[in-house]
Number of protein chains: 2
Amino acid sequence: MTVTLADVAARARVSPATVSRVLNGNYPVAASTRDRVLRAVDDLDYVLNGPASSLAAATSDLVGILVNDIADPFFGIMAGAAQSEIGGPGDGSGRAGGEKLAVVCNTGGSPERELTYLTLLQRQRAAAVVLTGGALEDPAHQAVMAAKLAKLADAGTRIVFCGRPPLPDSDAVVAALAFDNRGGGRRLTEHLLELGHRRIGYVAGPLERTTTRHRLEGHREAMKAAGLYADEESLTVHGPYDRRSGYDATLELLRRAPEVTAVVAANDTVALGAGAAIREHGLRIPEDVSVAGFDDLPFSVDAVPALTTVRLPLFEAGARAGRLAMGKETPPPGGIATIEAELMVRGSTAPPRG
Amino acid sequence: MTVTLADVAARARVSPATVSRVLNGNYPVAASTRDRVLRAVDDLDYVLNGPASSLAAATSDLVGILVNDIADPFFGIMAGAAQSEIGGPGDGSGRAGGEKLAVVCNTGGSPERELTYLTLLQRQRAAAVVLTGGALEDPAHQAVMAAKLAKLADAGTRIVFCGRPPLPDSDAVVAALAFDNRGGGRRLTEHLLELGHRRIGYVAGPLERTTTRHRLEGHREAMKAAGLYADEESLTVHGPYDRRSGYDATLELLRRAPEVTAVVAANDTVALGAGAAIREHGLRIPEDVSVAGFDDLPFSVDAVPALTTVRLPLFEAGARAGRLAMGKETPPPGGIATIEAELMVRGSTAPPRG
DNA sequence: CTGTTAGCGCATTCAC
DNA sequence: GTGAATGCGCTAACAG
């Protein structure tokens with residue numbers, strides 16, 4: 001049947017405890033003994049029983065990374081970076097030593113699934129959890145989340161936010177890395193204003209997300225500073241963070257306000273759909289309408305024309321979140337760090353016609 | 001401290017065994033007793049101890065989904081679809097009943113990490129494992145993989161391949177869903193030949209991957225059938241499946257064979273880079289050079305001009321793999337199914353100049 | 001440095 | 001339909 005630690009001990013002529021010690025490597029063991037044990041492990045093709053180990057030690061090597069949409073490179077890049085810091089390099093043998101099992105969980109943006117995953121991870125006694133992406137604004141859900149996270153933290157799970165605003169009054173979270181969505185949104189719109197645009201359409205993300213609100217607030221700050229805040233509502237259309245939504249919303253926007261000379265999209269993916277809608281409408285980019293995105297995903301530089309956008313250091317942020325989750329890096333002061341967003345001016349924006 | 005099943009039992013004035021039975025729901029329990037237990041669970045905020053449960057039952061609710069590159073939507077779409085079938089809808093309470101914990105693991109295309117993840121999953125006594133994406137051609141690695149998968153299967157883990165060719169002589173795998181990369185590649189090149197192209201460059205993926213080889217073989221089949229197999233080698237450049245590689249390889253290709261009138265890319269992401277290189281070279285698409293991709297990722301239809309490519313039903317395949325992993329769907333005859341690839345002709349391909 | 005002893009929290013036989 | 005007892009495989013004190 002399945003070979004256990006006792007079998008290995010018998011074959012190596014040592015006690016089970018000794019085998020456990022060499023396997024976990026956190027205790028002095030004589031080199032010769034260790035070799036004997038490792039040989040026995042190889043001979044018997046022994047694989048540690050994770051559940052038994054977790055039960056006895058009251059900890060597990062599971063680390064969860066929650067993302068809103070795994071098909072979106074925005075999350076994929078962060079998750080991959082985090083995972084690479086957590087998983088460790090491996091020893092190339094496939095034997096798997098003290099590695100953590102870094103796994104990503106796709107919530108699909110659903111608050112229920114987010115909670116379910118947290119419960120599942122709590123059940124597994126996860127060592128750490130990284131939550132990526134903006135949060136939902138709903139106070140009820142936020143309260144439930146805060147309670148759940150507090151319980152996880154109580155049980156010893158390290159919580160890290162990545163690209164997510166900090167929870168108010170909570171010490172459950174080891175560190176929160178928040179993107180400067182507001183500042184990025186402001187600088188982007190300032191750029192368009194400098195080019196001479198005055199009627200700027202905004203294809204926003206879902207209403208109830210912090211990311212959506214912060215980017216939009218940055219945009220409106222810039223508009224307001226330029227004395228242009230009359231038609232905020234009619235020039236804003238909300239929708240999901242996907243290509244299709246960008247397309248539909250832009251069509252709606254062009255119908256509603258044909259005079260716009262620029263369209264700012266909630267993110268690069270939405271901008272892609274926006275661009276398609278604009279072209280199908282018979283307008284040229286950027287001659288007739290400028291287009292801008294957010295995130296600077298890899299494909300954005302290859303768009304035609306190349307997309308003006310706001311660069312978020314997704315990989316770096318994800319990696320840092322991974323290190324924080326592992327305790328390999330000391331948290332920022334107050335547990336909160338703001339990650340800068342950099343304006344990338346490219347071919348899709350230009351002065352308005354006329 | 002942490003509340004256990006015994007605490008719940010005490011509060012509900014029943015035995016631990018009864019609590020276990022209502023929680024697992026696979027045993028008759030009186031309705032009134034069940035209510036009492038569930039109330040106690042809620043009152044105490046009890047969360048099952050996963051490791052203990054897994055140890056006692058010798059099974060776990062963990063399901064692993066292995067992907068080569070989590071930042072690539074190709075994998076993200078499949079993984080998300082699989083996860084949605086496995087994770088179940090949740091009951092909206094965040095309480096997490098009989099749900100599986102579907103998690104995706106990013107191998108980064110590294111065979112070592114692939115093995116490490118399999119070992120980690122084996123250690124956790126995973127209920128199922130879904131392996132996505134092409135395999136490595138290296139016979140040594142294939143042998144190790146086969147052995148590892150056999151061991152997993154022995155331990156009761158269900159193995160499913162998604163977008164990966166079946167393992168020869170192995171009954172460890174419940175089902176293998178393989179994409180028709182060869183057929184898709186052939187039809188794509190046939191399309192270019194019909195347009196009148198004769199000198200076709202090929203920006204291929206990494207040499208050692210089955211996906212790369214199959215797509216390339218399809219291309220060469222078509223070329224051969226047209227009597228055009230003279231310069232196969234000089235017209236083929238290999239590189240990773242990413243944007244940068246497509247850019248670099250295409251520049252190399254244009255240097256090596258300036259007379260090409262069409263470039264076929266290993267996939268859509270590579271095609272994006274190829275297109276950038278072609279334009280920077282001062283050539284127009286498709287007037288001077290036609291470009292084609294593979295996969296039909298969401299952004300491909302929004303490329304300018306829209307990308308001719310081969311559509312792979314990634315979502316459907318991922319979902320099916322998820323169902324197979326859960327035993328919700330009966331495996332195809334022989335455990336092997338080929339998934340068709342559909343040619344999508346769009347604006348990036350046209351007859352050659354002159 | 002190594003062996004012995006006790007549980008970790010739950011699922012599962014059996015009885016009743 | 002319910003309770004009592006046993007052991008899953010391992011780690012963590014203790015000794016020595």
Side-chain angles (χ1 to χ4, degrees), chain A residues 1-38 40-41 44-62 96-98 122-127 155-156, chain B residues 1-38 40-41 44-62 96-98 120 122-125 127 155-156:
Chain A
M1 269 303 289
T2 156
V3 27
T4 75
L5 192 146
D7 300 329
V8 176
R11 187 173 228 278
R13 312 184 125 299
V14 295
S15 74
T18 300
V19 177
S20 173
R21 292 198 264 253
V22 335
L23 256 33
N24 291 311
N26 45 14
Y27 212 83
V29 173
S32 65
T33 316
R34 167 191 283 100
D35 287 350
R36 206 141 33 87
V37 170
L38 287 180
V41 166
L44 270 51
D45 237 346
Y46 170 69
V47 175
L48 191 69
N49 184 317
S53 167
S54 296
L55 174 57
T59 62
S60 97
D61 54 2
L62 198 73
Q122 180 183 12
R123 183 182 285 188
Q124 301 295 334
R125 306 301 190 250
Chain B
M1 272 301 293
T2 156
V3 27
T4 75
L5 192 146
D7 300 329
V8 176
R11 187 171 228 278
R13 310 184 127 301
V14 294
S15 74
T18 300
V19 177
S20 173
R21 293 199 262 253
V22 334
L23 256 33
N24 290 309
N26 44 15
Y27 210 85
V29 173
S32 65
T33 315
R34 164 189 287 103
D35 287 350
R36 206 141 32 87
V37 169
L38 287 179
V41 166
L44 270 52
D45 238 346
Y46 170 69
V47 175
L48 191 69
N49 184 318
S53 168
S54 295
L55 174 58
T59 62
S60 98
D61 54 0
L62 198 73
L120 251 16
Q122 181 182 10
R123 183 182 283 188
Q124 302 294 335
R125 306 303 189 250

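In this text the structure is predicted, and so the values were computed from the model without any measurement. Labels below follow one simple rule: chain letters A, B, ... track the order of the sequence lines, proteins then strands, and each chain is numbered from 1.
Taking the nucleotide of DNA chain D with the nearest heavy atom to each of B:Val29 and B:Ala56, the more 5' of the two is matched to B:Val29. With DNA chain C read from its 5' end, the first of the two nearest nucleotides for B:Tyr27 and B:Ser53 is the one closest to B:Ser53. Nearest-nucleotide positions on DNA chain D place B:Arg13 closer to the 5' end than the other of B:Leu55 and B:Arg13.
The side chain to side chain contact (heavy atoms under 4.5 Å, CB included) with A:Arg36 is formed by just one residue from the set A:Thr18, A:Val14, A:Val22; it is A:Val14.
Side-chain contact between B:Asp61 and A:Gln124: present, with at least one pair of heavy atoms (C-beta onward) separated by less than 4.5 Å.
Here the P atom of nucleotide C:dA11 and the CG atom of B:Leu23 are 7 Å apart, to the nearest Å. Distance B:Arg125 CZ to D:dG9 P: 8 Å, rounded to the nearest Å. In this structure, A:Arg123 atom CZ and C:dG9 atom C1' are separated by 14 Å, rounded to whole Å. The distance from atom CG of A:Leu5 to atom C1' of D:dT11 is 9 Å, rounded to the nearest whole Å. A:Leu48 places its CG atom 12 Å from the P atom of D:dG9, with the value rounded to the nearest Å. For the pair A:Asn24 CG and D:dG9 P, the computed distance is 17 Å after rounding to whole Å. In this structure, A:Asp61 atom CG and D:dT11 atom P are separated by 11 Å, rounded to whole Å.
The listed nucleotides are C:dG9, C:dT4, C:dC1; the one nearest the side chain of B:Thr4 is C:dG9. With C:dG9, D:dT11, D:dG1 as the candidates, the nucleotide lying closest to the side chain of B:Ala52 is C:dG9. Nearest nucleotide to the B:Val14 side chain, out of C:dA11, D:dT11, D:dG3: D:dG3.
Contacts of B:Ala17 with the nucleic acid, taken as non-hydrogen atoms under 4.0 Å apart, include base atoms. Backbone-only engagement by B:Thr33 is indicated by non-hydrogen atom pairs under 4.0 Å involving sugar-phosphate atoms exclusively.
A:Thr18 has a side-chain polar atom (N or O) that falls below the 4.0 Å cut-off from OP1 or OP2 of C:dG3. Using a 4.0 Å cut-off, no side-chain N or O of B:Asn49 falls inside it from OP1 or OP2 of C:dC8.
At distances below 3.5 Å, not a single donor-acceptor pair connects side-chain atoms of B:Arg13 with backbone N or O atoms of B:Ala10.
Residue B:Val37 comes nearest to B:Val8 through the heavy atom pair O-CG1, 4.1 Å, listed as atom of the first residue, atom of the second, then distance. Nearest heavy-atom pair across A:Ala12 and A:Ala40 is CB-CB, 4.0 Å.
With hydrogens and angles ignored, a donor-acceptor pair under 3.5 angstrom links the side chain of B:Arg21 to the base of D:dG3.
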